[in-house]
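First the structure, in the form of structure tokens, and then the observations on it.
The residues of the chain are indexed from 1 along the displayed sequence.
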Amino acid sequence: RINNEMPNTLLLAEAFWLMEGYFVRTLGMHRVYNSAFMHMLMKEENDHYRTLIKNTLEFNPEILKRYVSFMSNPDEETAIKQFGKDDKYIGVCMMMVTLPGLPMFGHGQVEGYAEKYGMEYRKSYYTEFPDLHLIRRHEEEIFPLMQKRRLFSQVEYFELYDVYNGHGNVNENVFAYSNVSGEERALVIYNNSYQSVSGWINFSSGKVNPADERKNIYRRKLSESLNLKHEDN
């Protein structure tokens, strides 16, 4: 009824304990807070978050684009306290703006503020100044990606990949995924650990086509996902 009578209304749910899918599938929410993104990537429970994405792709990929990913909110510690100000912060922030769905920045996150912010605070109690180096990294590494959200926000061409090491085992710490919009193509790879890694990717993880009544699960080669022609060598 809301969709019919008030089509410009956005229903955004605050979900928790991995109930995100229930809020968008059953309760009809347009977007839902994806708390798993913040908690699992902060704790480097990378295998759990990769499994969450895989399960969603095999069940209904459309759910992914309803997620609101964030690194902090008024109920949690600031993004700076959880992720620092260096490459781990930039890497997770890069994932936040290149995964399907909607990215959400917290108050003072870009400036590098460490004081927790909430509606119960009438004023700030810390004397803090904007971190110009962190702001510059946002301007150079994050904001250009945000200007291309059309390339990342949808799920029709989104694919997730397993990264294999030299022994043929999957490295669960590495997130590798691709997406396509028109003639633009993107391949994102991020190692959410402090260990050096190397490896290779080829086929994507399983994904169901929502338009297929039989719900067959398919896998694509990386070259196919990026529309690369073999004659290009």
Side-chain angles (χ1 to χ4, degrees), residues 10-20 23 29-46 48-50 52-53 64-154 158 173-175 177 179 186 188-194:
L10 177 70
L11 298 179
L12 174 59
E14 180 180 4
F16 44 86
W17 301 118
L18 301 181
M19 294 284 288
E20 291 85 357
F23 275 79
M29 294 292 168
H30 301 124
R31 296 287 187 273
V32 60
Y33 281 5
N34 183 17
S35 59
F37 177 89
M38 175 185 66
H39 289 298
M40 291 182 180
L41 295 186
M42 183 267 291
K43 297 177 182 177
E44 297 187 5
E45 296 175 346
N46 302 312
H48 295 331
Y49 197 68
R50 292 186 71 253
L52 186 151
I53 298 177
L64 279 181
K65 71 180 184 183
R66 298 185 182 274
Y67 285 163
V68 179
S69 297
F70 55 90
M71 300 171 67
S72 177
N73 66 40
D75 295 323
E76 306 288 346
E77 293 294 338
T78 61
I80 300 307
K81 284 191 175 181
Q82 295 190 78
F83 297 93
K85 292 185 178 182
D86 298 315
D87 287 343
K88 180 179 175 70
Y89 169 85
I90 293 294
V92 175
C93 190
M94 178 269 298
M95 282 188 61
M96 186 179 78
V97 300
T98 58
L99 281 171
L102 185 69
M104 182 175 71
F105 283 83
H107 174 80
Q109 179 175 332
V110 174
E111 296 89 343
Y113 292 160
E115 183 176 11
K116 187 175 179 179
Y117 170 80
M119 290 182 291
E120 69 273 22
Y121 290 82
R122 291 177 175 266
K123 64 178 182 178
S124 60
Y125 292 92
Y126 295 2
T127 299
E128 296 188 276
F129 301 95
D131 186 318
L132 299 182
H133 175 70
L134 183 61
I135 293 174
R136 186 158 50 248
R137 289 201 70 177
H138 280 91
E139 292 173 345
E140 295 175 355
E141 301 174 57
I142 301 300
F143 295 163
L145 296 173
M146 294 178 65
Q147 292 177 336
K148 289 187 173 290
R149 278 297 299 163
R150 66 185 180 279
L151 176 55
F152 304 113
S153 62
Q154 302 301 307
F158 174 81
N173 291 323
V174 183
F175 293 86
Y177 49 91
N179 215 331
V188 178
I189 304 175
Y190 169 57
N191 169 29
N192 190 40
S193 75
Y194 289 100

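- Pairing each heavy atom of C93 with each of Q109, the nearest pair is SG-NE2, 4.4 Å.
- In terms of modelled atom types and a separation under 3.5 Å, the side chain of Q82 and the main chain of E77 share a donor-acceptor contact.
- Shown here are the side chain to side chain donor-acceptor pair (under 3.5 Å) partners of E141, two or more places apart in sequence or in another chain: R137.
- Rounding to the nearest 0.5 Å gives a distance of 5.0 Å between NZ of K148 and CZ of R150.
- Identified under the salt bridge (Lys or Arg N to Asp or Glu O under 4.0 Å) test for residues 32-41, with sequence neighbours left out: none.
- Applying the side chain to side chain contact (heavy atoms under 4.5 Å, CB included) criterion to D75, with sequence neighbours excluded, gives E14, N73.
- Listed by chain and number, the residues in a side chain to side chain donor-acceptor pair (under 3.5 Å) with D131 are K85 (sequence neighbours excluded).
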Query raised in the report: Passes side chain to side chain contact (heavy atoms under 4.5 Å, CB included), I189 versus V174? Steps please.
Result: CA-CA 7 Å; I189 304 175; V174 183; 3.8 Å; yes
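- The stretch residues 112-129 participates, sequence neighbours left out, in no side-chain hydrogen bond (donor to acceptor under 3.5 Å, both in side chains) pair at all.
- Distance check, rounded to the nearest 0.5 Å: CG of N34 to CE of M104 gives 10.0 Å.
- Taking CG of L134 as the start and CD of E139 as the end, the distance is 10.0 Å to the nearest 0.5 Å.
- For Y33, there are no side chain to side chain donor-acceptor pair (under 3.5 Å) partners two or more places apart in sequence or in a different chain.
- Residues F152 and M146 form no side-chain contact, since every pair of their non-hydrogen atoms from C-beta on lies 4.5 Å or further apart.
- Two residues are said to be in side-chain contact when any heavy atoms from C-beta on lie closer than 4.5 Å; I53 and Y67 fail this criterion.
- In terms of the ring-ring contact (aromatic ring centres under 6.0 Å, His included) criterion, residue partners of F158 (sequence neighbours excluded) are, by chain and number, Y177.
- Residues passing the side chain to side chain contact (heavy atoms under 4.5 Å, CB included) test with T78, sequence neighbours excluded: I80, K81.
- With contacts defined as side-chain heavy-atom distances shorter than 4.5 Å, the pair M96/V92 does not qualify.
- The distance from the CE atom of M71 to the CD atom of E76 is 13.0 Å, given to the nearest 0.5 Å.
- Evaluation of the ring-ring contact (aromatic ring centres under 6.0 Å, His included) test over residues 75-106, restricted to residues two or more places apart or in two chains, returns Y89-H138.
- In this structure, the side chains of T98 and Y190 stay at 4.5 Å or more apart for every pair of heavy atoms.
- When all heavy atoms of S72 and A79 are compared, the pair lying nearest together is CB-N, 3.4 Å.
- For the pair N46 (side chain) and N192 (backbone), a donor-acceptor distance under 3.5 Å is present.
- Taking CD1 of I142 as the reference point, atom CD1 of I135 lies at 13.5 Å (rounded to 0.5 Å).
- Every residue two or more places apart in sequence or in another chain was checked for a side chain to side chain donor-acceptor pair (under 3.5 Å) with H48, and none qualifies.
- Taking Q154 as the reference, K65 meet the side chain to side chain contact (heavy atoms under 4.5 Å, CB included) condition, with sequence neighbours excluded.
- Here salt bridge (Lys or Arg N to Asp or Glu O under 4.0 Å) pairs that include residues 91-100, with residues two or more places apart or in two chains, number zero.
- Taken from CZ in R66 to CZ in R31, the straight-line distance is 7.0 Å, to the nearest 0.5 Å.
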